[in-house]
Amino acid sequence: MTECVCTPASCERRPTVAVLGAGIAGLTAAHELAERGFVVTVYEPRRDERNGFCTAPAGTYPPVKLGGLAASQYSTVGSHDGSQAELRPFPGRRGRPRPPGRAVAGEHGFRFFPAYYLHIWDMFQRIPVYEPTHTGGWAPTSRTIYDNVRRVITQGVTVDGKPSLVFPRERPRSGAEFLGILGQLATVGLTFGDVATFQSRMLRYLVTSPLRRARELQNVSAYDFFVGHDSKTGTNQFSYTPPCEALLRQMPRVLAAFDSRWGDARTNLSTYLQLYLNMDRTDNKADGVLNGPTTEAWFDHWYRHLVALGVRFVHNAATRLDPPAFDAAEPPHLRPRVRITFADGTRATPDYTIVAVDAPAAEFITTALRAGGTGGTVAGLDGFTTLAPPPDGPLQPASTRPRTRRNPYAMDELGRVPWDRFQTLCGIQYYFDTEFQLLRGHMLYAGTDWALSSINQQGLWEKQPILDRDGHVSVLSVDIGNFNAPSRHLGKAARDCTPDEIAAEVWRQIVAALTGNVEAFAEEVLPWPAWYALDRGLVMAVGPGQGGGRPVRNETPYLVPIVGDWTNRPSSDPWNPHGTSWSSAPPEDWWLEDLEKRNVWQARHGGYQVHHNSVVFAGTWNKTFTRLTSMEAACESGRHAVNAILDHYVWVESGGVDRREKTTLRWEFPYGFLDQGLSSPIRLPTPAGDYCYVFDIENREPADTRALRTLDSKFCQQSLPHPLDVLAGWGAPVSPVPPPAGG
């Protein structure tokens, strides 16, 4: 094994790290670094909403809000200090509902953990569940957050007022079950030909190498891939019935707020594929949700564990990062670090800074770094959120795009065109004073004007709400996937409605989708909610706090994958320590030039960059193998940031001479057992600590198709068509088995 490159003095003290942002990316980075002995402080501008609204003793809840967009949202009737979002009576509800005696929890969206969220599952198993002690403290138990997940085995779909379809979230156990599913599909107008064509296109994607996906399919929309669109002739090779065609267009908006005509095929199909493969899992965590509000079932325990690891939490917001002056002749590894200025006027100069805030905030606080000439991620952030999308579509040449600036949080400027990389994906929570449970799983309302989806969270919670205490006994969490489309009933979009109008219209669309009656809105059709609460990220035009009037600000703009936009993401490619993923490494001349002139460092094998000897970025807006904006992408990105810090730390402690293409120590693994494709993770060691394990979802596709993917990668490297296309061109004998569509 290679000797440690640290000096005796440096081994006594690990570097200090400031993590800006307590979302999943920031908390993941803090967790991984603290386990490796780094001194970590997390800075977060928002306070935990329960402090000041509950009767629990001081110190019961974290001093800051943890989890970012994934956190639970707590609301009460009215507002004590103008900052609390109101729990509002449902408009038109007869009678006077019982007000809750405490802040009630609601969830933005699904809080859904598919089986392919392997970074999240791995993290769940490393966070103990803590229980209070008789002395007033907290003690870890043998249980972990993994034990707080319950499996979801059903999913419902409504299509154009037809009877709701309920599908298992697992593969059919018999031929009869399979035929039953086909029969359900037939009731909404889908044919066997639709299913066969769709499946064959998915199979074609399966046998396409990641290299070809990167070179070709990132610039093709998911819809164009499914129909085999030829851009040269303008024709489609494959066709579907009108009901199937409509679903191909609608479902991406319902699932993740993007349009199938503008979402890139690689991201969409990789996600579809993983969700499809989940159904083949036999363990009890195939697809799951937490057994309580996310903050209570996950983040509270994570906070206690991080504190036990030595992580410190501070309520503060970074307002700017200032690059230090440096002499280009000074050895790069000895150059000074970036200074952080906080909202209260205090400053800090940690050894490392992880910027794990949202993309608009990251662009804002790095203005001074960009002015200082730093390249890489920081330069890519210029305009990433503040430039308006190109008027002629996402593939409009950069040289012809106008440089019009916008406010990335302003509702009037966000998502006005479907190819805007930032959209509004927010939701609403309905609270019922009667038992209301659609099904124990997710509902997708295809064809609804505002692209709705929902789940009854409380049906899977361990501790059920109590009417006297909580003012409700059931809750329905709804995501609104399209804030820009007008409602056929109201004649205006959600972005132009008041909170009461949004609440009433969303509920009307759900009732109409479930009953098939577009006029149905009477209380006898379905029980009406007693209360509702809009997502915390939506701020209205009138009044303090969340206010009233129409939405004017979205504090949580949602990044969607757009055709041709992947290379515009302001970060370098992700890197897999096991060396089993397609990635990019900086050439020798680039490495030296950027280190000398722009003060950007990157490991020779690739991975995330380090700016000014100290700054690394993390968050869903960075490039990840997960690709889709999600909790999984955030967790993965935090790991990439930590791996970059480990590599940089080794380089600094070596006196700037360590430039190995692989920083891992020379461990001997038995029988060449390295990549944990189907088993538990093994971390590869470095002199500064083990690398964080990184999962590449494209490595976890079925082994049956791996040989064709490998062959296709060789063809792609030689600029040849896919092997199946080559065989077709040579007039290969016709197989008795129908080939996949397109080859």
Inset, instruction - List the steps, then state whether side chain to side chain contact (heavy atoms under 4.5 Å, CB included) holds for Gln155 with Val157. - result: CA-CA 7 Å; Gln155 174 179 298; Val157 180; 4.2 Å; yes

Inset, instruction - For side chain to side chain contact (heavy atoms under 4.5 Å, CB included), just list the numbers for Glu363 and Thr386, CA-CA rounded to whole Å, side-chain angles, deciding distance to a tenth of an Å, and then say yes or no. - result: CA-CA 8 Å; Glu363 181 178 347; Thr386 57; 2.6 Å; yes

Inset, instruction - Begin with the C-alpha distance, continue with both residues' side-chain angles, and end with the deciding distance and a verdict on salt bridge (Lys or Arg N to Asp or Glu O under 4.0 Å) for Asp264 and Arg627. - result: CA-CA 11 Å; Asp264 78 89; Arg627 301 177 67 86; 3.6 Å; yes

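Remark: Glu632 engages no residue in a salt bridge (Lys or Arg N to Asp or Glu O under 4.0 Å) (not counting sequence neighbours). For His119, the ring-ring contact (aromatic ring centres under 6.0 Å, His included) test picks out Phe695, with sequence neighbours left out. Every ring-ring contact (aromatic ring centres under 6.0 Å, His included) that Phe313 has, sequence neighbours left out, goes to Tyr303. The salt bridge (Lys or Arg N to Asp or Glu O under 4.0 Å) test applied to Arg469 returns no partner, not counting sequence neighbours. By the salt bridge (Lys or Arg N to Asp or Glu O under 4.0 Å) test, Asp468 pairs with Arg98, sequence neighbours left out. Contacts of Asp259 classified as side chain to side chain donor-acceptor pair (under 3.5 Å), with partners at least two apart in sequence or in another chain: none. Evaluation of the side chain to side chain donor-acceptor pair (under 3.5 Å) rule for Thr353 yields no partner, not counting sequence neighbours. Partners of Phe299 by ring-ring contact (aromatic ring centres under 6.0 Å, His included), not counting sequence neighbours: none found. Listed by chain and residue number, Glu501 satisfy the salt bridge (Lys or Arg N to Asp or Glu O under 4.0 Å) test with Lys492 (two or more places apart in sequence, or in another chain). Partners of Trp621 by ring-ring contact (aromatic ring centres under 6.0 Å, His included), not counting sequence neighbours, listed by chain and number: Phe617.
Taking the six-membered ring for Trp, Phe342 and Tyr43 have ring centres closer than 6.0 Å. Less than 6.0 angstrom separates the ring centroid of Trp528 from the ring centroid of Phe90. Ring pair Phe384/Phe422: centre-to-centre distance below 6.0 Å.
A salt bridge is defined here as a Lys NZ or Arg NE, NH1 or NH2 lying under 4.0 Å from an Asp or Glu carboxylate O, and Glu555 with Arg553 meets this definition. A salt bridge is absent between Asp287 and Arg150: the closest approach of a Lys/Arg side-chain nitrogen to an acidic carboxylate oxygen does not fall below 4.0 angstrom. Ion pairing between a basic and an acidic side chain is recognised when a charged N comes within 4.0 Å of a carboxylate O; Asp470 and Lys463 show no such pairing. Of the charged side-chain nitrogens involved, at least one lies within less than 4.0 Å of a carboxylate oxygen, so that Arg405 and Asp382 count as a salt-bridged pair. Arg401 and Asp392 are not joined by a salt bridge, as no carboxylate oxygen comes within less than 4.0 angstrom of a charged side-chain nitrogen. One finds a salt bridge joining Lys65 and Glu49 here, because a Lys/Arg side-chain nitrogen approaches an Asp/Glu carboxylate oxygen to under 4.0 Å. Looking at Asp420 and Arg406, a side-chain N of the basic residue comes within less than 4.0 Å of a carboxylate O on the acidic one, giving a salt bridge.
Side-chain atoms of Pro561 and Leu628, non-hydrogen and from C-beta on, do get closer than 4.5 Å to each other. Considering only heavy atoms from C-beta on, Asp565 stays 4.5 Å or farther from Pro394 through its side chain. In this structure the side chain of Leu534 reaches within 4.5 angstrom of the side chain of Gln546, judged on heavy atoms. You'll find the side chain of Arg370 reaches within 4.5 Å of the side chain of Leu381, heavy atoms only. Contact of the Pro100 side chain with the Thr76 side chain is not registered, since no non-hydrogen atoms from C-beta on lie closer than 4.5 Å. In this structure the side chain of Ile510 reaches within 4.5 angstrom of the side chain of Leu452, judged on heavy atoms. Contact of the Gln429 side chain with the Asp535 side chain is registered, since non-hydrogen atoms from C-beta on lie closer than 4.5 Å. A 4.5 Å side-chain heavy-atom check between Ile502 and Ile480 finds at least one atom pair inside the cut-off.
Side chains of Thr346 and Asp344: a donor-acceptor N/O pair is present below 3.5 angstrom, by distance only. Under the 3.5 Å distance criterion, with hydrogens and angles disregarded, a donor-acceptor pair is assigned to the side chains of Asn554 and Thr424. Defined by atom type and a distance below 3.5 Å, a donor-acceptor pair is missing between the side-chain atoms of Gln458 and Ser474.
The backbone N or O of Gly447 sits nowhere less than 3.5 Å from a side-chain atom of Arg253 that would complete a donor-acceptor pair. Remark: side-chain polar atoms of Trp419 are paired, donor with acceptor, to backbone N or O of Pro390 under 3.5 angstrom. Using a distance-only test at 3.5 Å, with no hydrogens or angles considered, no donor-acceptor pair links the side chain of Ser454 to the main chain of Val478. Put simply, the side chain of Thr620 never gets that close to the backbone of Ser630: no donor and acceptor are under 3.5 Å apart. A side-chain donor-acceptor contact under 3.5 Å links Thr377 to the backbone of Pro570. Under a 3.5 Å cut-off, the side chain of Thr515 and the backbone N or O of Val511 do form a donor-acceptor pair. Under a 3.5 Å cut-off, the side chain of Thr629 and the backbone N or O of Leu559 do form a donor-acceptor pair. Put simply, the side chain of Glu413 gets close to the backbone of Asn407: a donor and an acceptor are under 3.5 Å apart. The backbone N or O of Pro45 lies less than 3.5 Å from a partner atom in the side chain of His315, making a donor-acceptor pair. With Asp479 contributing its side chain and Leu425 its backbone, the two residues share no donor-acceptor pair below 3.5 Å.
A cation-pi contact, defined as under 6.0 Å to the ring centre and within 45° of the axis, links Arg249 to Tyr223.
Taking CZ of Phe483 as the start and SG of Cys426 as the end, the distance is 5.0 Å to the nearest 0.5 Å.
Residue pairs meeting the salt bridge (Lys or Arg N to Asp or Glu O under 4.0 Å) criterion with at least one partner in residues 432-460, sequence neighbours excluded, are Arg93-Asp433, Asp449-Arg488.
Between Tyr430 and Tyr532, the ring-plane angle classifies as tilted under the 30° and 60° cut-offs.
Phe432 approaches Pro527 most closely through the heavy-atom pair CE2-O, 3.4 Å. Heavy atoms only, all atoms of each residue included: Ala22 and Val42 are closest at CB-CG1, 3.9 Å. Counting all heavy atoms, side chain and backbone alike, Val311 lies closest to Ala30 at CG2-O, 4.1 Å. The shortest heavy-atom contact between Ala513 and Thr448 is CB-CG2, 4.1 Å. Taking both residues in full, the closest heavy atoms of Leu538 and Pro551 are given as CD2-CB, 4.5 Å, listed atom of the first, atom of the second, then distance. Shown here for Ala446 and Met251, the closest heavy-atom pair between the two residues is CB-SD, 3.9 Å.
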Identify all side-chain donor-acceptor contacts of residues 288-297 below 3.5 Å with residues at least two apart in sequence or on another chain.
{"unit_1": "Thr294", "atom_1": "OG1", "unit_2": "Glu107", "atom_2": "OE1", "d": "2.6"}
{"unit_1": "Thr295", "atom_1": "OG1", "unit_2": "Ser72", "atom_2": "N", "d": "2.9"}
{"unit_1": "Glu296", "atom_1": "OE2", "unit_2": "Tyr74", "atom_2": "OH", "d": "2.7"}

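The environment of CZ in Arg47 is sparse: at most 12 heavy-atom neighbours from other residues, nucleotides or ligands sit within 6.0 Å.
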